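In what follows, a structure is listed as C-alpha cells, so that the remarks can point back to it.
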Amino acid sequence: MALTANKHVLDWVAEMAAMTQPDRIVWIDGSEEQLDALRAEGFATGELIKLNEEKLPGCVLHRSALNDVARVEDRTFICSRKKEDAGPTNNWMDPNEMLEKLKALYRGAMKGRTMYVIPYSMGVVGSPFAKYGVELTDSIYVVVSMAIMTRMGKEVFEALGESPDFIKGLHAKASLDAENRYIVHFPEENTIMSVNSGYGGNVLLGKKCFALRIASYLGRKEKWLAEHMLILGLENPNGEVRYIAAAFPSACGKTNLAMLIPPEIYRSKGYKVWCVGDDIAWLRVGEDGRLWAVNPENGFFGVAPGTNAKSNPNALETTTRNTIFTNVVLTAENTVWWEGLDKNPPRGAINWKGEPWDPDSGEKGAHPNSRFTAPAKNCPCISPEFDNPKGVPISAIVFGGRRAKTAPLVYQSRSWQHGVFVGSIMASETTAAAVGEVGVVRRDPMAMLPFCGYNMGDYWQHWLDMGNHIPNKPKIFNVNWFRTDDSGQFIWPGFGENMRVLEWIVSRCFDEIGAEECAIGYLPRPEDINLEGSGVSQDTLRSLLEVDKALWREETEGIKTFYEKFGSKLPKALEEELSILENNLK
Ligand code: GTP
Ligand code: SPV
Ligand code: MN
C-alpha cells in the first residue's frame, strides 16, 4: 500500500511502474520487520549470504556480477539541456535522446520482479539542511544498503508532505549488460536513472548520484557546496574540537583519515579524533560567518582491502555487526577476509567470484574494490555532533591525492583564491574504485572529476564566489601521503601518523605557528612537525617537503593543457594564479 498521498510521488511511481512492469510494488517503511523479511528473501534467492551470527551478528555478504564491480565513469552522463552546462569533463547526451534510449532499456525490465519504493533523506530528517529522495529499485541489496547509508522510511514521506521537492531515482538491474549500463543524471529535472548495474556507487542513488552530482548542481543555484570530503573533529587536551574537511579522490584515504587514532604520544596527552563523515560533505555559510558542514549520509561504504587492526581499528570495529560486505572472501566458518586484513589468508575459503580459492595461487581473494556497508552509529569514534542538524564549523579545507613525486607532504595556500587554484590543479593516480586502468596520474580537481554535476569551469567560479560569502573563511591546504622512494615504497608512514600533519594544519588555522613561504605556498618548517615516536627522521621529513622546481614546471604544462579544455569558462582568477606559480618557479 502506498505510504504517501503525495501526488507527485504517486504519479511518478505509477509512470515508472507502467514502463518497467514489475509484478509487485512494495513501499519501504523502514521498519526492522520489513527489512528482516527482505533479508530472508535475499538469503533464499542467494542475493545475500548470511554470515556467522556469533562472530558477525546481523552481517551479510553480497557478490555483484563479475563485470559489475566499480563505478563506470565512461557510462556516467550529465544530461543537461545544453552540452556546455555539462562541460568538458562530463559525458553528455541530449536529454530527450538519452531518455528514448533508456526507455527502451527499462521497458518491461521489472517483469517477474518486485519494485521497491524507498523514501530516504540525505541529512537529518526535518532539518533545514536535509534533502529528500525516492529511489525505485528491483534489488533487495539496494534496499538493505540504503537502510544503512541513508535515513530511510516513512518519516521521510511525512516530512516531504505534498511537496514536489524530492529527487527521483530509478534503478533497474535489467540484464546487467555492461554494454547497456547507464548512470544518468538530469540535473534540471531532479532525476537520476541507473540501469544494468547492481554495484555500489552506480545504484545506491543517494550517494554519488544525488549527494554529489545533483547536489553540486543545486549547491550552485542555492549558494552552498556539495563536496567529496570527509569531515573530522580534532580534539585537543583542552577539550576544544576543531573541524577539518578533506577531499581526496576515491580510494585515496578519506575513510582512514576520518577514523584516525592518534599515535600514543598524542593520546596520552588527551588528543582525540572524531569522525563526522568519511565521503561526502555539504557545506553552507552559517549565521556566524563560518563555513558549516554536515555529512548527508548515515553509514560508510568503505574500501575493505587494507583495512586492519593497525591501519584502521575503528573501521574494523564498525564492521563487526549489521554490516553488508560486498565482493570479499567468504571463509569456511562463514566469516569474511580480504587482502591486508591479516597475514593468514584462510584455507578452504571462497573468493569474491564465488569460487573455491587457494591463497597460494597468487590470485586475489577479495576484489580490490570490495567494500563494507556499515552504520555510522557503529563507529567507536563517531562524533557527538554526527546528528546535529547544524553541522560543524570548518577551520581547514584539505585537498590531497596520490602522487609518487611532485606534491609535498603538506603545504598551505596563501589565500582563498590560491586555495581554490590548489584544489583545481589536484592530480592523483587512478584506483580500483572506478573501472579502468589503475595507477595513471590524472587531473581530479577537488576530487570531484567524476562527481561534478555541471561544468567544472562554473564549479570553480562558484568556489571563488563562495569565498566572498564566507566572512570567516577556512584556510586551504594540500597533503600527499603517497610519495614513494626509488624502490616504490611509501616514504611517509601514513594512517595514524597523519595526526602529526593535522596538528600542523590546525595550528596554522589558529595562527599558533609560523611557516616558510615557497613557490607553491607555505611549507612547514621541518622542526614544526612533531616526529617523536614516528620513526621518521628530520632528513626524511625534509625530503618529503621538498618542492622540485623542474617537476613543478612540468606540472604547470599539464595544468595549462587541462585548463585549455574549459575555454571561456575558465575563471580569470585561476589563470592569474597559474601565471603567479609560473613566475615563482622561474
Ligand atoms: P572511497 O571510499 O573510494 O572514496 O575511498 P577513501 O578515500 O575513503 O579511501 P580509504 O580510506 O578507504 O583508503 C583507500 C586505500 O588507501 C586503502 O588501501 C588504504 O589502506 C590506503 N591508505 C589510506 N590512508 C593511507 C595513508 O595514510 N598512507 C598509505 N600509504 N595508504 C593509505
Ligand atoms: C568512491 O568511489 O569514491 C566511493 C565508492 O566512495 S562509490 O560509492 O562506488 O562511488
Ligand atoms: Mn568516495
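Worth knowing before you read on, the calculation uses all heavy atoms, side chains too, and leaves out hydrogens, waters and symmetry mates. Quick caveat, the model's predicted, so the values are computed rather than measured. When a ligand or atom number is given, it counts from 1 through the structure's own listing order.
Residue Cys252 places a heavy atom under 4.0 Å from ligand 1. The shell of residues lying under 4.0 angstrom from ligand 1, judged by heavy atoms, excludes Ser311. Residue Pro249 places a heavy atom under 4.0 Å from ligand 1. The shortest separation from a heavy atom of Arg402 to ligand 1 is under 4.0 Å, placing the residue in contact. The closest approach between a heavy atom of Glu497 and any atom of ligand 1 is not below 4.0 Å.
Looking at Asn202 against ligand 2, nothing comes within 4.0 Å, counting heavy atoms. Counting heavy atoms under 4.0 Å from ligand 1, residue Asn498 touches it through the side chain alone. When heavy-atom distances to ligand 1 are checked against a 4.0 Å cut-off, Trp492 has no atom that comes that close, whether in backbone or side chain. At a heavy-atom distance under 4.0 Å, only side-chain atoms of Phe490, from C-beta outward, approach ligand 1.
Counting atoms of ligand 2 from 1 in the listed order, those under 4.0 Å from a heavy atom of Ser250 are 1 (C), 2 (O), 3 (O). Atoms of ligand 1 found under 4.0 Å from any heavy atom of His228, numbered from 1 in the order shown, are 4 (O). Within ligand 1, counting atoms from 1 as listed, the ones closer than 4.0 Å to a heavy atom of Asp279 are 4 (O). Interface atoms of ligand 2 facing Asp279, defined by a heavy-atom separation under 4.0 Å, are 6 (O). Set against the non-hydrogen atoms of Ala433, the atoms of ligand 2 under 4.0 Å away are 2 (O). Here is the list of ligand 1 atoms found below 4.0 Å of a heavy atom in Asn256: 10 (P), 11 (O), 12 (O), 13 (O), 19 (C), 23 (C), 24 (N).
Looking at His228, Glu73, Lys207, it is Lys207 that brings a heavy atom closest to atom 8 (O) of ligand 2. When the heavy-atom distances from atom 5 (C) of ligand 2 to Met149, Arg71, Arg371 are ranked, the shortest goes to Arg371.
At least one test fails for Arg213 against the ring of Phe451: distance under 6.0 Å to the centre or angle within 45° of the axis.
With hydrogens and angles left out, the side-chain atoms of Trp337 and Asn344 include no donor and acceptor closer than 3.5 Å.
Geometry about the Mn ion (ligand 3) gives an angle of 90° between NZ of Lys208 and NE2 of His228, rounded in steps of 10 degrees.
From the protein, the heavy atom lying nearest to atom 9 (O) of ligand 1 is Gly253 N, 2.9 Å. Closest to atom 7 (S) of ligand 2, if we only count protein heavy atoms, is Gly201 CA, 3.6 Å. Residue, atom and distance of the protein heavy atom nearest to atom 6 (O) of ligand 2 are Lys208 NZ, 2.6 Å. For atom 5 (O) of ligand 1, the nearest protein heavy atom (residue, atom name, distance) is Ala251 N, 2.7 Å. From the protein, the heavy atom lying nearest to atom 2 (O) of ligand 1 is Arg371 NH1, 2.7 Å.
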